[in-house]
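Step one of this worksheet: look at the structure below.
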Amino acid sequence: MLSMRLYMLQRITAVAMAPLVLGHLLVMIYAVQGGLSTAEILGRTKGSFFWFLFYGTFVLAASIHGAIGLRTIVSEWAGLKGVALNCFGWLTYVGLFVLGARAVWAVTFA
Amino acid sequence: MTEQTIKAIIERGPNPMGARTQFDVPAYDNQTVLDVVSWVQQNVDPTLSYRFACRVGMCGSCAMMVNGVPRWTCRTHISKVLVGNEVTIAPLRNLPVVKDLVVDMDAFFDKWIAAEGLHHGALTREDPIAKVDPTSSARVASDAGVECINCAVCYAACDTVSTNQEYLGPAALQRAWTLLNDTKDNGREKILDAVTGAGGCQNCHSMGSCTAYCPNELDPMSAIAGLKRESAKSFFRKGR
Ligand code: SF4
Ligand code: SF4
Ligand code: FES
């Protein structure tokens, strides 16, 4: 079911996400300390190429990682195979990516 | 000891429905699950089919599900598994049932071969015998898995085997790992290709049922983790 390629892709995206998750949590805790408002946060993220890259990478990695995981679950628990399974994987990936990418776009450049 | 009986419920396949038969078996000291099955076959129903050979945990032919748990029946005391005075004995999980307690082990052994669980020699009889250093880390890794007796208890315990037909399973992959670490084996590339194919080591979820249930106290899960590490390294080297 799970090819070595997908397996490696899932491992690599996990490694990529580890520091991003940590950074996300730390910045969040740090930022709320002084009672930051939404507008203030957006003021810092808007137009910031750094935050675009940070959360863009995060969304890309998470959507790949999650889609591969769900694909495995669906194959093992629902017996989905072959083309149907691959379609499911791609759709999940695209869906997750679009959801995340929209959010990133909204807080950085929109 | 007062006369006591064991209620042995035997699931007789391949028809799973209505195939549970209850037998009253006299209890005695030091009785194994295999003794219970044998008593039924010798005294009540000579048509009851099951496998065994050595009766001492060496041949790997007597494995069955005992109260839903895969075990060597020859090395399992009935007193350890009785619930009240009842025990349920069924054919090994994850393999097609031939009749009663006998399963078709072809898939199990075919996967053993598919995982390249065979010797890959490179020397001829003219060459000197390869030196084995018993203290080298590779030999230690190999030794950890060589005592496997192909009983398929781990194969029956593995949920990934149940849900993924192609998955090679813990025993076959563990054998691949022992060979990968064997100085006398020359099949590294073949083994790595075999264990990263469609049913390869990457499918293992590392939940460790194989290690928990192996009656030989082997650790296929860690062997598979070793295969994953080596496969990942070769993936980066060769891009596949
Ligand atoms: S650790 Fe891997 S091989 Fe062992 S039971 Fe779990 S999935 Fe199967
Ligand atoms: S690893 Fe253990 S449980 Fe699995 S086949 Fe070998 S001896 Fe049996
Ligand atoms: S009869 Fe040989 S292992 Fe049980």
Side-chain angles (χ1 to χ4, degrees), chain A residues 1-25 53-54 56-97 100, chain B residues 93-94 107 111 114-116 155-170 172-173 176-177 180 188-210 221 223-240:
Chain A
M1 299 300 140
L2 184 66
S3 70
M4 195 59 197
R5 249 207 208 133
L6 288 181
Y7 170 83
M8 289 304 293
L9 203 54
Q10 200 180 27
R11 294 315 177 268
I12 292 165
T13 49
V15 171
M17 274 192 296
L20 297 175
V21 172
L22 217 65
H24 173 69
L25 290 175
L53 215 62
F54 184 95
T57 316
F58 205 154
V59 162
L60 187 68
S63 51
I64 293 174
H65 187 85
I68 298 173
L70 287 170
R71 181 185 175 277
T72 302
I73 293 174
V74 163
S75 110
E76 290 188 1
W77 288 37
L80 217 60
K81 284 195 183 78
V83 181
L85 183 62
N86 285 332
C87 285
F88 174 87
W90 276 105
L91 278 177
T92 312
Y93 162 63
V94 171
L96 289 175
F97 180 78
Chain B
R93 180 174 175 248
N94 289 344
K111 286 177 179 178
E116 289 293 334
Y155 192 81
C158 176
D159 282 346
T160 307
V161 169
S162 320
T163 53
N164 180 349
Q165 282 213 325
E166 288 172 293
Y167 181 49
L168 295 168
L173 289 170
W177 176 241
L180 200 69
R188 189 176 177 84
E189 291 305 310
K190 269 189 173 172
I191 295 172
L192 284 178
D193 278 350
V195 302
T196 52
C201 63
Q202 72 275 11
N203 288 285
C204 166
H205 293 306
S206 305
M207 296 297 282
S209 298
C210 50
M221 179 180 69
I224 296 169
L227 282 181
K228 288 176 178 171
R229 276 196 304 277
E230 288 307 311
S231 304
K233 280 188 215 155
S234 111
F235 185 89
F236 283 125
R237 242 178 274 128
K238 300 194 301 185
R240 71 183 159 95

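The shown structure was predicted, so the numbers you read here are calculated from the model rather than taken from an experiment. Each chain gets a letter, A, B and so on, in the order the sequences are listed, and its residues count up from 1.
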Closest non-hydrogen atom pair between B:Asn203 and A:Leu2, with its separation: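 In terms of heavy atoms, the two residues are closest at OD1-N, 3.2 Å.
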Considering all heavy atoms, the nearest A:Ser3-B:Gln202 contact: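 Here A:Ser3 and B:Gln202 meet closest at C-NE2, 3.8 Å.
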Pull out the residues in residues 8-20 of chain A that come under 4.5 Å of chain B, heavy atom to heavy atom, sorted by number.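 Checking residues 8-20 of chain A against chain B gives A:Met8, A:Ile12.
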Proximal to chain B - members of residues 74-84 of chain A, heavy-atom separation under 4.5 Å: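 Heavy-atom contacts from residues 74-84 of chain A to chain B are A:Ser75, A:Glu76.
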So which of B:Thr160, B:Thr163, B:Asn164 has the biggest tally of heavy-atom pairs under 4.5 Å with chain A?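 Looking at each option in turn, the highest pair count goes to B:Thr163.
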